[in-house]
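A short write-up of the structure that comes next.
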Amino acid sequence: MNVHLHWFLPTGGDGRTLVDRHAYTDGGIKRDRITPVSGVRAPDIEYLAQIAKAAEQLGFEAVLTPTGTWCEDAWLTTVALAQHTERLKFLVAFRPGVISPVLAAQMAATYQRITRGRLLLNVVTGGDSTEQRRFGDHVDHDRRYARTAEFLSVVRGAWSGQPYDFDGEHYQVEGGLTALPPDPLPEIFFGGSSAAAGPVAAAHADVYLTWGEPPAAVKEKIDWIRSLAEEQGRTVRFGIRLHTISRDSSREAWATADRLLGDLDPETIAAAQQALGKSESVGQQRMLALHGGSRDKLEIAPNLWAGVGLVRGGAGTALVGSHAEVADRIEEYHALGVEHFVLSGYPHLEEAYWFGEGVTPELSRRGLLPTVPASPLLGVNGAESRTATAPGGAPLLLAGGR
């Protein structure tokens with residue numbers, strides 16, 4: 001089982017700090033209490049294209065896009081970025097409660113044809129009623145998961161190529177049909193830590209995606225979902241969502257983490273924790289419990305840092321260390337059954353290179369990746385027929401980071 005590496009598209013904005021996008025006092029309606037910061041990058045198509053091209057060149061298989069009020073629409077943004085890339089896939093996050101399942105099936109089919117099969121789907125049921133109500137959705141937490149199960153049944157039915165009828169609590173469909181089904185069918189990524197989420201993942205997910213908890217907790221989740229899937233005669237694969245801070249030395253990596261932490265004043269952390277604490281998401285509550293809102297003891301497992309979650313909702317942990325140490329942790333999760341690693345870092349452009357030039361070759365040497373992406377300069381001769389070099393005549397580091 002090889003490792004599949006994916007990166008992240010910051011369609012809500014990017015920067016050199018954790019503060020500028022996620023520390024909201026009221027869930028994001030007002031932003032006047034956010035600490036002013038420098039180096040904020042707008043999520044315009046030119047910058048996102050830089051990240052997408054870098055991810056493709058560095059060998060990432062796909063990029064995840066978020067969904068919600070404070071980011072660009074994932075469908076429109078990624079289909080535009082597909083025109084700037086050739087092989088990169090797009091893991092498009094969307095909420096099933098705010099779109100017709102037959103329309104979603106049709107959109108996915110069209111997307112596959114436009115991009116020549118580069119769509120993956122990340123189904124986000126939603127764990128925040130305030131956010132859901134902005135989109136006109138007033139269904140409670142557990143019923144949202146029941147609705148997601150019906151939604152995915154209809155989507156797969158509409159992809160069958162034959163008229164599909166469905167009579168459920170949330171959807172009644174007569175003759176649902178996608179005239180030209182997608183080819184290939186997009187893989188469905190799905191996450192959820194609540195009791196209501198487990199059966200949905202077992203019945204419908206191709207890949208169950210969890211946020212980055214310590215290995216023992218991740219193993220418990222894997223065992224739980226795997227058992228539920230086996231009861232239904234299905235096999236589910238597993239993925240994990242993490243940030244990364246990978247450097248040539250452990251000391252450099254932790255210095256970067258300390259700098260990110262130093263940007264956070266107590267008021268910003270308190271405001272973010274208050275807003276995040278209102279979430280109904282069991283996964284979000286598990287993220288908050290990893291640090292308890294405190295700056296102390298943020299390394300909750302070897303090389304696993306919970307500092308991101310002090311102000312960021314959703315994925316709140318990062319792998320921090322030397323390239324070899326980060327590879328060690330990926331190998332540890334992989335041994336538990338994790339196949340897909342959906343990664344990110346601040347800023348996303350630079351961190352993609354740190355990981356792609358440092359950790360990816362290490363994973364390849366360990367036999368976890370099929371190939372290392374070839375450098376554009378590999379095999380090109382420099383002056384006096386020497387191998388192409390970086391500025392100053394130093395050998396270009398193809399496998400050792402920056």
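Because the structure is a prediction, the values reported are computed rather than measured.
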Query raised in the report: Can any side-chain N or O of S194 pair as donor or acceptor with the backbone N or O of A197 at less than 3.5 Å?
Result: yes
Query raised in the report: What pair of heavy atoms forms the shortest contact from G117 to P184, and how long is it?
Result: CA-CD, 4.0 Å
**Report entry** Test item: Q172 side-chain N/O and G168 main-chain N/O as donor-acceptor pair under 3.5 Å
**Finding:** yes
Query raised in the report: Would a 4.5 Å heavy-atom cut-off, applied to side chains only, mark L88 and F90 as touching?
Result: yes
Query - Distance in Å, S153 OG paired with H204 NE2, rounded so as to fall on 0.5 Å steps - result: 3.5 Å
Query raised in the report: Does D73 have any salt bridge (charged side-chain N to carboxylate O under 4.0 Å, His left out) partners at least two apart in sequence or in another chain, and if so, which?
Result: none
Query raised in the report: So W305 and W254, would you call those rings parallel, tilted or perpendicular, with 30° and 60° as cut-offs?
Result: perpendicular
Query raised in the report: Would a line drawn from the ring center of H170 to the ring center of F151 be shorter than 6.0 Å?
Result: no
Query raised in the report: Roughly how far apart are L209 CG and W211 CH2, rounded to 0.5 Å?
Result: 9.5 Å
Report summary line: d(E252 CD, S246 OG) to nearest 0.5 Å is 10.0 Å
Query raised in the report: Between L121 and A108, which heavy-atom pair has the shortest distance, and what is it?
Result: CD1-CB, 4.5 Å
Requested in this report: Please examine the side chains of T360 and L58, heavy atoms only from C-beta on, and report whether any two atoms are closer than 4.5 Å.
Outcome: no
Query raised in the report: Is the backbone of M1 close enough, under 3.5 Å, to the side chain of H334 for a donor and an acceptor to pair up by distance?
Result: yes
Report task. Using a cut-off of 6.0 Å, state whether more than 12 heavy atoms not belonging to E325 lie near its atom CD. Result -> yes
Query raised in the report: Would a distance-only check, ignoring hydrogens and angles, find a side-chain to backbone donor-acceptor pair under 3.5 Å from Q285 to S279?
Result: yes
Query raised in the report: Got a second to check how far F341's CZ is from L242's CG, nearest 0.5 Å?
Result: 7.5 Å
Query raised in the report: Parallel, tilted or perpendicular: which describes the rings of H348 and Y346, with under 30° parallel and over 60° perpendicular?
Result: perpendicular
Query raised in the report: Is the backbone N or O of Y171 less than 3.5 Å from a side-chain atom of E150, with the two atoms forming a donor-acceptor pair by type?
Result: yes
Requested in this report: Kindly determine whether V92 and L120 satisfy side chain to side chain contact (heavy atoms under 4.5 Å, CB included), including the steps that lead there.
Outcome: CA-CA 6 Å; V92 174; L120 306 170; over 6 Å; no
Query raised in the report: With a cut-off of 6.0 Å (strictly less than), are more than 12 heavy atoms of other residues, nucleotides or ligands near CD of Q162?
Result: no
**Report entry** L319 side chain near I330 side chain, heavy-atom distance below 4.5 Å
**Finding:** yes
Requested in this report: Locate the shortest heavy-atom distance separating D206 from R156; write the atom from each residue and the value.
Outcome: OD2-NH2, 3.4 Å
Query raised in the report: Under the side chain to side chain contact (heavy atoms under 4.5 Å, CB included) criterion, do T115 and K89 qualify, and how do the steps go?
Result: CA-CA 9 Å; T115 65; K89 296 179 182 179; over 6 Å; no
Query raised in the report: Checking salt bridge (Lys or Arg N to Asp or Glu O under 4.0 Å) for the pair R366/D328: CA distance, chi angles, key distance, verdict?
Result: CA-CA 10 Å; R366 300 181 187 197; D328 288 342; 2.7 Å; yes
Requested in this report: State, yes or no, whether a side-chain contact exists between V218 and K221 at a heavy-atom distance under 4.5 Å.
Outcome: no
Query raised in the report: Nearest heavy-atom pair of Y145 and G191: which atoms, and what distance?
Result: OH-O, 4.1 Å
Query raised in the report: Between T77 (side chain) and A74 (backbone), is there a donor-acceptor pair under 3.5 Å?
Result: no
**Report entry** Salt bridge flag under 4.0 Å for residues R144 and E131
**Finding:** no
Report task. Using atom types as modelled and distance alone, determine if a side-chain donor or acceptor of E56 lies under 3.5 Å from a backbone N or O of R87. Result -> yes
Query raised in the report: So does E213 pair up with R241, basic N to acidic O under 4.0 Å?
Result: no
Query raised in the report: Looking only at heavy atoms, which two atoms of F8 and I51 are closest? And how far apart?
Result: O-CG2, 4.0 Å
Report task. Quick one: closest heavy-atom pair of P182 and Q112, and the distance? Result -> CB-CG, 3.7 Å
Query raised in the report: Hey, is the main chain of T178 close enough, under 3.5 Å, to the side chain of W159 for a donor-acceptor pair?
Result: no
Report task. Flag the pair V359 / W354 as yes when at least one side-chain heavy-atom distance between them is below 4.5 Å, and no otherwise. Result -> no
Query raised in the report: Can we say E362 and R365 salt-bridge, meaning some charged N sits less than 4.0 Å from an Asp/Glu carboxylate O?
Result: yes
Query raised in the report: Is the shortest heavy-atom distance from the side chain of L310 to the side chain of L261 under 4.5 Å?
Result: yes
**Report entry** Side-chain donor or acceptor of H84 paired with backbone N/O of A52 under 3.5 Å
**Finding:** no
Query - Plane angle bin for F60 and W7 - parallel if under 30°, tilted between 30 and 60°, otherwise perpendicular - result: tilted
**Report entry** From I222 atom CD1 to L336 atom CG, the distance as rounded to the nearest 0.5 Å
**Finding:** 5.5 Å
Query raised in the report: Taking everything shown except R113 itself, do over 12 heavy atoms lie less than 6.0 Å from its CZ?
Result: yes
Query - Heavy-atom side-chain proximity of T125 to V200 below 4.5 angstrom - result: no
Query raised in the report: For atom CZ of R251, is the number of surrounding heavy atoms from other residues, nucleotides or ligands below 6.0 Å larger than 12?
Result: no
Query raised in the report: Is any side-chain heavy atom of E331 less than 4.5 Å from a side-chain heavy atom of L368?
Result: yes
Requested in this report: Decide, yes or no, whether a salt bridge links R143 with D137 under the criterion of side-chain N to carboxylate O below 4.0 Å.
Outcome: no
**Report entry** Residues R226, E231; criterion salt bridge (Lys or Arg N to Asp or Glu O under 4.0 Å); working and verdict
**Finding:** CA-CA 9 Å; R226 183 174 284 151; E231 291 175 3; over 6 Å; no
Requested in this report: Would you sort out whether Q132 and H138 count as a side chain to side chain contact (heavy atoms under 4.5 Å, CB included), showing the intermediate values?
Outcome: CA-CA 7 Å; Q132 295 297 124; H138 295 265; over 6 Å; no
Query raised in the report: To the nearest 0.5 Å, how far apart are CD in E230 and CD1 in I225?
Result: 11.5 Å
Query raised in the report: Under the 3.5 angstrom rule, does the side chain of E339 hit a backbone N or O of V3 as a donor-acceptor pair?
Result: no
Report task. Mind checking salt bridge (charged side-chain N to carboxylate O under 4.0 Å, His left out) for D223 and listing every partner two or more places apart, or none if nothing turns up? Result -> K219
Report task. Kindly write out the residues that satisfy salt bridge (charged side-chain N to carboxylate O under 4.0 Å, His left out) with R118, not counting sequence neighbours, or none if the list is empty. Result -> none
Report task. Test side chain to side chain contact (heavy atoms under 4.5 Å, CB included) on V102 and V154 and set out the steps. Result -> CA-CA 7 Å; V102 176; V154 174; 3.8 Å; yes
